[in-house]
Amino acid sequence: PADAPDAAQALARSAPAPVTDVARLCVCDLLVAQCDANCCCDPDCSADDFSLFTTCSVPVVTGDSQLCSQKAAVYSLDVEANPPERIFKLIDQVNPSIFCIHATNYKQALYLKSPEIPTPENFDRLLDKFGGATFSAEPDSWNLDTDTQNPPDANETYRYEYGVPVQTEDAFLRLPSPVVSSWCSDENPAGFLVNQATKCIRSLSVEKCDSIQALSMLFYINSSILAAVFQVNITVQSIVVQSLNGMRTLLNSSDVLRLPMVLDGLCINAVLGVNYHITHTDTGEIIEAAAAFVLGAISKEALSIEQSFKISFTQENTQPVPLSGNPGYVVGLPVRAGFRPQGYPSPAGFLFAALALSSNKHSQLTILQSTSTQDCLAAQGARAPVLFGYNMISGCKLRITAAMKCQPLAQTLLDVLKGQSFPEYVASFGNSQAQDVLDWVPITQLHISEQMTSNTLQSSCQIPVSLGIEVKWTKYGSLVNPQARIVNVTATITTTTLKQLPSGRERIIPIMSSVVFTDISSPAEPSYKAWPTINIKLPFDFFYPFV
Amino acid sequence: NSCQLSSLPLQILLYVNGVYYIFYFLATLAMVIYKSQVFSYPDDFLAPDLAVLFLMAILEVPRLYLGFKGNLTEAEAPLGLSLGLTVCSVVLCVYLLLWQTYVLWADVLLNAVLLSAYGLESGLKVTAIAAFVS
């Protein structure tokens, strides 16, 4: 009949009636048609089930306790009886307070409001009110349109912490980056001390390229960064012009601002990449900001270009060296090492042999890297950096023939084990600077010779067969945030005698190198501040006339 | 006949009523404020309750004045007017007792005392009017 679907629709439109009868309300009844454990109000439980319960998880079910008198359902287990049985009592609970609610004429006072069920009539109104793509509004400080932002206070010093967005006059320093897809979004703020490099695609039309803001140099340098006492302007460090075929030329004068314009069907001076360098003090104040641009030409057919952005932070008066921890070493980052160059007296300062380049493997502590061929002589130069906290072992096999001379072989093996430039000093902390002499730990070199026979000590030569680096580190600093600090590094070369082989025979000996990190931290003792002592002393001339 | 017709019990009751009403008004207003903070008290329920309370306060002043005047001057007209105003006050008091949005136990006590005072007062006024008329 025609009534049934209408009735069903009407039923579906209204929410189910709320249950207010205390005797039928059960919060712990979660499983349908099954008995919930320790749920004394569950109607699906039988007397046998109740005898297995230990406690009642819901002892009392009441309405609003503000009412002067209300019904309460009390469930309890009678453990004295055999078998234990559930006791259900419906009692009147009385609120003795004089401000208890005697009666109320407002129905929704004591119950939660039933939500409005959407119907074809009120759907549009509800969608206007509650619909939207996001749940929370964007914070106001990210809105670029409003001019009434907190005006930069000249007296306030802006100290930044790690990760805090770098503030500029209008909003924040933008580093366009791909958000969901590869398209550029300009809302990505640059975080302080967060070195980022992003690449994203921007859509454009070459005819209107001089009006697209994101292609012009001005867009990236017009706002000044709020820092310290005054604002820091972003200077143009260098401009590199990239031609259509990809060739780049560095411009001599970087003072002239080159804005995009349409020339012969090409859009020239379009920004293809920006590299920000921000210099800061060790207290978190930004003192300098520079941007290096890559400008290029876009041909008429291009519908989109790829822009790349990079930002790096350098502390003033230091070389930008990648840190392995700040200050303690972070597990997994390479152990930093270096040399004291000849001619420099100790302790007048250290210099790295090759500064500031993490790609230069010679300035790190490295060990031999095992290769697939496992031949020591063939795999020259393959080295792996020693990562803090990771014990490593590697090796190769050496095939000794009768024709090999001992001395050159020993030298070759030493090169294989130690590498081309084995460092002399290892940084004690992850952020040790080259100028701080005391932050560097010298590598102790030991030689152990495996003696096969006691009398042949000097006559036959020794070839190194294993290098073991033992790094002793300790926990340093506060109890709640201990930092790893390298205390001692010992490189032990084990040598063995090379016995002369009869001609035509050959032998294979394994060569091994290992790195072991040992924690030698002593158990921490919490120390407490000393109790303040009362320091009462009489003045010097208190007993003046008599003493 | 020099015996006085003014009713002494009525005078005492009117005086006590005046003092009690000040306490009643302040207490009820404080409780309405408390209720609006602790419970959910939408504006279109709060407005009638406050209106009734203030209306009752406004009516109380002429009611008591007319009662005093009528009783002391032994005139039945002011006393009759006062009786009429008392009937209005009784209606408002019944509203606050039964049909307020939240009726607390303290509300019940205060309104019950006030209602009994009004009832006693009305009886005494009727006898006083009867005495004055005859």
Side-chain angles (χ1 to χ4, degrees), chain A residues 13-22 24-25 27 60-74 89-119 121-122 125-131 135-136, chain B residues 19-56 88-119:
Chain A
R13 270 196 221 126
S14 63
V19 174
T20 54
D21 183 8
V22 164
R24 291 191 305 141
L25 209 57
V27 185
V60 173
V61 182
T62 64
D64 194 344
S65 58
Q66 303 253 27
L67 294 173
C68 286
S69 123
Q70 53 177 323
K71 286 226 172 296
V74 178
K89 277 197 295 231
L90 206 59
I91 59 170
D92 279 319
Q93 207 178 46
V94 172
N95 184 356
S97 160
I98 199 165
F99 297 115
C100 64
I101 301 178
H102 186 253
T104 139
N105 294 304
Y106 170 47
K107 247 220 313 214
Q108 293 101 306
L110 305 173
Y111 306 107
L112 292 174
K113 193 169 141 175
S114 300
E116 227 177 308
I117 302 285
T119 60
E121 292 83 48
N122 63 8
R125 183 176 52 83
L126 287 178
L127 186 65
D128 272 333
K129 198 165 158 200
F130 297 115
F135 288 119
S136 64
Chain B
V19 172
Y20 175 74
Y21 189 78
I22 294 170
F23 165 72
Y24 167 88
F25 176 75
L26 291 173
T28 308
L29 188 63
M31 279 202 290
V32 165
I33 294 171
Y34 163 77
K35 280 182 262 186
S36 72
Q37 298 301 310
V38 171
F39 306 124
S40 128
Y41 214 145
D43 283 341
D44 42 357
F45 287 89
L46 184 59
D49 291 350
L50 279 178
V52 164
L53 185 62
F54 280 95
L55 187 61
M56 206 157 93
C88 296
S89 286
V90 162
V91 168
L92 295 177
C93 184
V94 164
Y95 173 89
L96 284 179
L97 178 63
L98 293 180
W99 299 309
Q100 217 181 32
T101 309
Y102 291 96
V103 183
L104 304 183
W105 185 235
D107 274 324
V108 171
L109 284 175
L110 285 173
N111 283 297
V113 167
L114 195 63
L115 261 184
S116 55
Y118 283 166

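Remember, it's a predicted structure, so these values are computed and weren't measured experimentally.
- Within residues 19-28 of chain B, no residue has a heavy atom under 4.5 Å from a heavy atom of chain A.
- Contacts between residues 29-41 of chain B and chain A, defined by a heavy-atom separation under 4.5 Å, are made by Met31(B), Tyr34(B), Val38(B), Phe39(B), Ser40(B).
- Rounding to the nearest 0.5 angstrom, the gap separating the CG atom in Asn105(A) from the OH atom in Tyr95(B) is 8.0 Å.
- With sequence neighbours left out, the salt bridge (charged side-chain N to carboxylate O under 4.0 Å, His left out) criterion links Asp21(A) to Arg24(A).
- Using a 4.5 Å cut-off between heavy atoms, Leu109(B) touches chain A through its side chain atoms alone.
- By a heavy-atom distance cut of under 4.5 Å, Trp99(B), Gln100(B), Thr101(B), Tyr102(B), Val103(B), Leu104(B), Trp105(B), Ala106(B), Val108(B) are the residues of residues 99-108 of chain B near chain A, going up by number.
- Looking at Cys100(A), both its backbone and its side chain come within 4.5 Å of chain B, counting heavy atoms on both sides.
- Asp92(A) CG: more than 12 foreign heavy atoms inside a 6.0 Å radius.
- Between the OH atom in Tyr106(A) and the CG atom in Asp44(B) there is a gap of 8.0 Å [rounded to 0.5 Å].
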